[in-house]
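Notes to accompany the following structure.
If you're wondering where the values come from, they're calculated on a predicted model, not measured in any experiment. Letters A, B, ... mirror the listed sequences (proteins, then strands); counts begin at 1.
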Amino acid sequence: MTTGRLADLVAASDALADEPGRNEKVRIIVEALLAAGDRADLAARYLAGDPPQDRLEVGWAAVRDADTAPAEDASLTLDDVDAALEVLATAGGPGSRGARMTALNGLLARATSAEQAFLRHLVMGEMRHGASAGMVAKGIAKAADVPETVVRRALMLSADLGEVATLALTGGRPALEAVGLVVGRGVQPMLASTTESVTEVVEELGTAVVEWKLDGARIQVHVDGEDVVVFTRNLNDITSRSADVVAAARALPMQQAILDGEVLAMGTDGLPWAFQDTMSAFSRDEGERPALSPFFFDLLHVDGEDLIDQPLSARRQRLTALVPDHLRIPSVIVEDAAAGEAVAVESLDRGHEGVMVKALDAPYAAGRRGKQWRKVKPVKTLDLVVLAVEWGSGRRQGWLSNIHLGARIDGPDGQPEFVMLGKTFKGMTDAMLEWQTARFLELETHRDQRAVHVRPEQVVEIALDGVQTSRRYPGGVALRFARVIGYRDDKSPAEVDTLDTVRALGGLPPR
DNA sequence: AGGTCCGCGTC
DNA sequence: ATCGGAT
DNA sequence: ATCCGATGACGCGGACCT
């Protein structure tokens, strides 16, 4: 077996970028995997923009500052790249920034200019060649001549694209089918799609589980006797920062389990902390860290028995039998919309984010964002004014894209002034991008490196999930998940929402 | 000792 | 995280 | 139905700068 050459993978990446068709992209990936020799695992992970090293600690600034003349000839192998990334990942302590720059420059010096471009994307973790883990999974299936469903299943359970690539190409279908649920190894968590109303989903499903949606961090907890491992949604191992969760899990009355849940900080008043405060506690090292409370809502395995293929109704029963009420997220089986809406009202009254609505008969579809689970959160709207706009990149190149949003403060002379609350690029169709590019160039006052600044005249209606306190923005608040609903040509800037209105949305006093 | 920038990870 | 576009 | 890319806000720890 030979080790793959970087140049071949780079050629595949360039071909992917040029090729819009998904079938053809998969074909390119198949060739790249087969050309990678015994490092198909690296080829798969690199194409997906996800090298195996934990944290490279190299980002946009390091890539910007790296400046090395390219090599004339291609010589790098995938193993060479892997070794260099290992150096990046293991550098630490004083002087590590310099060591990392040296290693990065050293790698780039051995790369041709095409390879340099590829490596810059790779270390940033974003290939942007129009194919990622999903396409690579299809490619693995095709390269190994195995049904895609078999690859998907192995991928859900092992969550390691490189391992699955190797298994598929060396062991074929039997090797993939041998991948099972293992207590202690992360499983891709099941995801939810978004819906506007509980009623709509309950009417569609007939019978549904409606469950409070808590605003914390997703956790997957693996229990094996005294051994407990805690993973986040992205399967990062946070066991060492999860003493509270570990303690709660150890006290459960079984030997082995895989639990799905959410962790957050709860106040003594029974209300959940603001998300950013939960995250502060969650991210802090041991010491004066506030307590975090786990709440579970699903059970994937218990004492040797896999439950992921069983319907939610069965998993829910097993969970209820195992986990005491105070460690479970409240949920109700409803048969009609009104009962579902009542659960949502109660959840919001208790300070939570909204509800999840789930199909009772659905198995645990690891890694999928299906219609079996929907999240429902209330949407707020504001009328704001555009203060500046940033040029887009990628498919938005040439368009003014990311808009800076302002709320109104009435100045001492009665003239409105505006304070920035955040930015958004979401919710814009291509037609809107086209329109706003022309519109904001008309309103331009000046520009800097980042943005085109405009006269504050264009009103925009914004949807958001809520507000959060901000140290960055001058009004002391920022918008959470802001997206454009549409431009309001019927409103003048003097009519946009005031800073105090926005602050009140977050329960903050006027200022 | 304190402040800033960066990278990363949560949503 | 959310959203729109493309396949 | 899926997949992808464009980019949002926050907070933390660590390296580096003053």
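Among residues two or more places apart in sequence or in another chain, the ring-ring contact (aromatic ring centres under 6.0 Å, His included) test is passed with Trp435(A) by Tyr487(A). In this view, Asn105(A) and Thr68(A) satisfy the side chain to side chain donor-acceptor pair (under 3.5 Å) rule, not counting sequence neighbours. In terms of the ring-ring contact (aromatic ring centres under 6.0 Å, His included) criterion, residue partners of His222(A) (sequence neighbours excluded) are, by chain and number, Phe231(A).
When each of Gly134(A) and Ser470(A) is assigned the nucleotide of DNA chain D with its nearest heavy atom, Gly134(A) is the one assigned upstream, toward the 5' end. Positionally, the nearest nucleotide of DNA chain D for Arg395(A) lies more toward the 5' end than for the other of Arg97(A) and Arg395(A).
Applying side-chain contact (heavy atoms from CB on, under 4.5 Å) to Glu461(A) and the options Val484(A), Ile485(A), Leu384(A), Leu382(A) leaves one that passes, Ile485(A).
A 4.0 Å heavy-atom criterion places the boundary nucleotides of DNA chain D facing chain A at dA1(D) to dC16(D), written 5' to 3'.
Taking every heavy atom of residues 143-162 of chain A and every atom of DNA chain B, no pair lies under 4.0 Å. A heavy-atom distance below 4.0 Å to DNA chain D is reached by none of the residues of residues 189-202 of chain A. Less than 4.0 Å separates DNA chain D from at least one heavy atom of each of the following residues of residues 357-373 of chain A: Arg368(A), Lys371(A).
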Using residues 133-151 of chain A as the side-chain source, report each donor-acceptor pair under 3.5 Å to any protein atom, sequence neighbours left out, with the distance given to one decimal.
unit_1	atom_1	unit_2	atom_2	d
Lys138(A)	NZ	Glu148(A)	OE2	3.4
Glu148(A)	OE2	Arg152(A)	NE	3.1
Glu148(A)	OE2	Arg152(A)	NH2	2.8

Run the side-chain donor-acceptor check on residues 286-293 of chain A: report pairs under 3.5 Å with partners two or more places apart or on a different chain.
unit_1	atom_1	unit_2	atom_2	d
Glu286(A)	OE1	Arg289(A)	NH2	2.8
Glu286(A)	OE2	Arg289(A)	NH2	2.8
Arg289(A)	NH1	Arg241(A)	O	2.9
Arg289(A)	NH1	Arg284(A)	O	3.3

Per-pair distances, 0.1 Å, donor-acceptor, side chain in residues 119-130 of chain A, under 3.5 Å, sequence neighbours excluded:
unit_1	atom_1	unit_2	atom_2	d
Arg120(A)	NH1	Val63(A)	O	2.9
His121(A)	ND1	Ala117(A)	O	3.1
Glu126(A)	OE1	Arg128(A)	NE	3.2
Glu126(A)	OE1	Arg128(A)	NH2	2.3
Glu126(A)	OE2	Arg128(A)	NH2	3.3
His129(A)	ND1	Ser13(A)	OG	2.8
His129(A)	NE2	Leu47(A)	O	2.9
His129(A)	NE2	Ala131(A)	O	3.2

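Residues Asp237(A) and Thr239(A) bring a donor and an acceptor atom of their side chains to less than 3.5 Å of each other.
Nucleotide dT7(C) holds its P atom 9 Å from the CD atom of Glu19(A), rounded to whole Å. As a whole-Å value, the separation of Phe425(A) CZ from dC3(C) P is 11 Å.
The cationic group of Arg408(A) does not satisfy the cation-pi geometry with Phe418(A), failing either the under 6.0 Å distance to the six-membered ring centre or the 45° limit from the ring axis.
Counting heavy atoms of neighbouring residues, nucleotides and ligands inside a 6.0 Å radius, atom CZ of Arg97(A) does not exceed 12 of them. By the neighbour-count criterion of 12 heavy atoms within 6.0 Å, atom CG of Asp349(A) is densely surrounded, having more than that number from other residues, nucleotides or ligands.
Residue pairs meeting the salt bridge (charged side-chain N to carboxylate O under 4.0 Å, His left out) criterion with at least one member in residues 386-401 of chain A, sequence neighbours excluded, are Glu390(A)-Lys423(A), Glu390(A)-Arg450(A), Arg395(A)-Asp430(A).
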Below 3.5 Å is the cut-off: list the nitrogen or oxygen pairs between protein and nucleotides 8-11 of chain B, distance only.
unit_1	atom_1	unit_2	atom_2	d
dC8(B)	OP1	Glu57(A)	N	2.7
dC8(B)	O3'	Arg55(A)	NE	3.4
dC8(B)	O3'	Arg55(A)	NH2	3.3
dG9(B)	OP1	Arg55(A)	NE	3.3
dT10(B)	OP1	Thr232(A)	OG1	2.4
dT10(B)	OP1	Asn236(A)	ND2	3.3
dT10(B)	OP2	Asn234(A)	ND2	2.7
dT10(B)	OP2	Asn236(A)	ND2	3.2
dC11(B)	OP1	Arg218(A)	N	2.8

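The backbone N or O of Asn236(A) lies less than 3.5 Å from a partner atom in the side chain of Thr232(A), making a donor-acceptor pair.
Counting any heavy atom pair closer than 4.0 Å across all strands shown, His129(A) reaches sugar-phosphate atoms only and no base atom.
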